[in-house]
Protein chains: 2
Amino acid sequence: MSLTADAADKPTLYKRIRADIEKRILTGEWPPGHRIPFEHELVARYGCSRMTVNKALSELAQADLIERRRRAGSFVRRPQHQSAVLKIADIRAEITALGRAYGYELIGRKLRAATAADRDRLGVKKAGKVVAITCRHSADKVPFAVEDRLIDLSSVPNAATADFSREPPGSWLLHHVPWTEAEHTISAIVADDRTAEALDIAVGAPCLVIDRYTWRSARTITAVRLLYPGDSHRLVARFKGG
Amino acid sequence: MSLTADAADKPTLYKRIRADIEKRILTGEWPPGHRIPFEHELVARYGCSRMTVNKALSELAQADLIERRRRAGSFVRRPQHQSAVLKIADIRAEITALGRAYGYELIGRKLRAATAADRDRLGVKKAGKVVAITCRHSADKVPFAVEDRLIDLSSVPNAATADFSREPPGSWLLHHVPWTEAEHTISAIVADDRTAEALDIAVGAPCLVIDRYTWRSARTITAVRLLYPGDSHRLVARFKGG
DNA sequence: TTGACTTATATGTCTAGACATATAATCGTA
DNA sequence: TACGATTATATGTCTAGACATATAAGTCAA
């Protein structure tokens with residue numbers, strides 16, 4: 001077994017080319033707008049075939065680190081500050097990862113025909129059945145977040161009979177619904193009476209709100225609102241640097 | 001000019017293969033864990049060379065949609081809910097994109113040797129000079145966000161002489177510093193007197209807080225805290241679906 | 001049953017070509 | 001000078017092979 005870095009193991013040629021270029025970009029030696037050597041120049045420098053350097057450059061382009069233009073060449077892209085990777089873990093996983101005891105409590109569950117408000121929230125037009133779930137997550141017996149969720153049963157019929165009294169709906173969905181897309185909206189509110197009681201905080205205390213809307217290839221799956229105590233909870237997002 | 005989708009233009013073969021597979025994954029026809037046809041099977045199905053299907057599968061792997069294992073085959077990966085792409089635009093770009101008039105006002109600027117608090121905030125050990133900037137961004141004359149920033153001059157010496165009275169420091173950095181990495185921490189607070197006044201909101205109103213810490217290959221560049229009125233501003237994060 | 005060895009196989013990387021295509025640069029013309 | 005046609009060129013895609021390598025699966029002995 002080797003304790004050295006992967007890079008030292010035995011990088012293949014195209015990976016070495018990619019890493020060489022990536023390093024020059026990250027260190028700023030090649031600033032945004034800088035033209036990267038042409039493929040035929042890299043072919044000469046590394047003594048390999050064009051397909052090999054092409055693979056290296058294609059991957060850098062797929063990672064948005066460079067931009068390739070026919071006839072013109074390849075150029076270092078400007079950093080795109082507007083794109084960052086936000087880690088929003090499954091709450092249970094998040095709490096257990098912190099080494100704290102996870103607690104879950106189902107507050108309410110209702111199966112009903114979608115009301116106008118439900119349809120609006122899910123972004124669907126046709127009427128159908130939904131499950132509405134309210135629950136609470138806690139860490140070491142302290143309220144961590146309250147969850148208010150709507151599941152579209154026309155997309156996830158199994159959810160009608162799933163037992164959410166022990167398994168949180170988020171975890172259940174993660175294991176029963178294939179690859180999904182989602183949109184998160186983050187905002188801040190101050191706790192009203194009901195929220196304050198559920199989270200065991202003072203009325204008027206700040207709360208972080210995450211609204212997550214999930215779909216799979218144009219089909220709505222679920223809409224969920226999570227409320228966290230704003231002063232204790234922090235969302236960490238790491239910039240996507242390639 | 002064509003108004004049809006790019007896909008209809010004239011997709012190359014490897015892109016068609018990639019799109020075909022992507023579609024089956026996104027629709028759930030091939031759920032997580034499903035084995036994708038072997039390369040030689042796809043070669044037979046599409047009547048092309050192995051390099052062509054290899055390119056399609058490699059890109060899907062780079063996008064984390066599939067996982068490839070030697071001898072075993074290629075498999076659909078589980079969705080990774082914990083990773084979402086958070087769009088944090090440059091504030092000026094964000095406001096102008098909304099079709100509103102961007103306003104900028106420099107409140108304070110100080111050049112000083114880094115205090116202990118500064119070093120702590122920037123995560124550096126060595127003493128050095130820093131610029132501290134406080135400013136306000138507005139949309140249609142209404143306060144949009146207040147910014148409190150620290151720039152490490154040992155990494156960005158030019159910032160010492162940059163004119164931040166007209167150009168916001170975020171925009172300036174975006175154009176003068178090459179590719180960077182950053183970490184964002186999002187939280188919620190309630191406005192204190194000073195914040196309330198700067199944002200023209202009530203004391204006790206909710207505020208969304210973004211702390212952004214930026215570096216470039218292990219070198220600290222800047223630390224910034226942005227305060228937004230919590231009820232009007234919303235951060236939108238789109239799940240990374242490939 | 002377990003562990004060690006062998007083998008088959010799918011992916012990983014690479015080559016030396018080929019033709020396609022978008023477009024920057026040049027040249028010629030009005 | 002401005003505009004339109006031509007040309008050169010860098011990237012985009014693809015082929016038909018090759019050998020490398022990790023590893024699942026099978027084989028055999030302890």
Side-chain angles (χ1 to χ4, degrees), chain A residues 1-22 24-25 30 32-77, chain B residues 1-2 4-22 24-25 30 33-77:
Chain A
M1 187 181 81
S2 161
L3 287 174
T4 57
D6 298 55
D9 275 350
K10 192 183 155 205
T12 56
L13 183 51
Y14 96 87
K15 279 183 181 161
R16 222 186 80 213
I17 299 173
R18 194 189 57 185
D20 283 356
I21 296 170
E22 204 169 309
R24 286 184 209 250
I25 295 174
W30 289 348
H34 178 90
R35 211 208 75 227
I36 284 178
F38 295 129
E39 290 190 352
H40 66 84
E41 295 175 301
L42 292 169
V43 162
R45 179 172 317 175
Y46 289 94
C48 62
S49 86
R50 211 191 118 215
M51 277 302 282
T52 302
V53 311
N54 182 279
K55 176 153 181 148
L57 294 177
S58 294
E59 289 198 1
L60 288 169
Q62 208 194 336
D64 281 339
L65 217 63
I66 67 170
E67 187 189 343
R68 314 198 72 198
R69 291 204 298 273
R70 273 179 154 134
R71 164 73 210 238
S74 303
F75 302 84
V76 177
R77 287 185 53 141
Chain B
M1 189 180 78
S2 160
T4 56
D6 297 54
D9 275 350
K10 191 183 156 208
T12 57
L13 182 51
Y14 96 85
K15 280 182 179 160
R16 224 187 80 214
I17 299 174
R18 194 188 56 185
D20 284 355
I21 295 170
E22 204 168 309
R24 288 185 207 249
I25 294 175
W30 288 349
H34 178 91
R35 211 208 75 228
I36 284 178
F38 294 129
E39 290 190 351
H40 66 84
E41 295 175 302
L42 293 169
V43 162
R45 179 174 316 175
Y46 288 95
C48 62
S49 85
R50 210 190 118 214
M51 278 301 283
T52 302
V53 312
N54 182 280
K55 176 154 182 149
L57 294 178
S58 294
E59 290 198 1
L60 288 170
Q62 209 193 334
D64 280 340
L65 217 62
I66 67 171
E67 187 191 341
R68 313 199 72 199
R69 291 203 299 272
R70 274 180 153 130
R71 163 75 209 238
S74 303
F75 301 84
V76 177
R77 286 185 52 137

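Letters A, B, ... mirror the listed sequences (proteins, then strands); counts begin at 1.
- With sequence neighbours excluded, the residues that form a ring pair (Phe, Tyr, Trp, His ring centres under 6.0 Å) with A:F38 are A:H40.
- Going from atom NE2 of A:H40 over to atom P of D:dA8 covers 16 Å, rounded to whole Å.
- A:R71 pairs by the salt bridge (charged side-chain N to carboxylate O under 4.0 Å, His left out) definition with nothing, not counting sequence neighbours.
- The nearest whole Å value for the distance from the CZ atom in B:F38 to the P atom in D:dA24 is 12 Å.
- For the pair A:F75 CZ and D:dA10 P, the interatomic distance rounds to 11 Å; values are reported in whole Å.
- In this structure, the CZ atom of A:R71 is 8 Å from the P atom of C:dA24, given to the nearest Å.
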What string of B, S and - do you get for nucleotides 12-19 of chain C 5' to 3' if you count protein non-hydrogen atoms under 4.0 Å? BBBBB-B-
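- In this structure the side chain of A:M51 reaches within 4.5 angstrom of the side chain of B:M51, judged on heavy atoms.
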Show which side-chain atoms of residues 54-61 of chain A pair as donor or acceptor with protein atoms under 3.5 Å away, not counting sequence neighbours.
from: A:N54; atom 1: OD1; to: A:S58; atom 2: OG; distance (Å): 3.2
from: A:N54; atom 1: ND2; to: A:E39; atom 2: OE2; distance (Å): 3.0
from: A:S58; atom 1: OG; to: A:N54; atom 2: O; distance (Å): 2.8
from: A:E59; atom 1: OE1; to: A:R18; atom 2: NH1; distance (Å): 2.4
from: A:E59; atom 1: OE2; to: A:Y14; atom 2: OH; distance (Å): 3.3

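- In this structure, B:F75 has no ring pair (Phe, Tyr, Trp, His ring centres under 6.0 Å) partners at least two apart in sequence or on a different chain.
- For B:R16, there are no side-chain hydrogen bond (donor to acceptor under 3.5 Å, both in side chains) partners at least two apart in sequence or on another chain.
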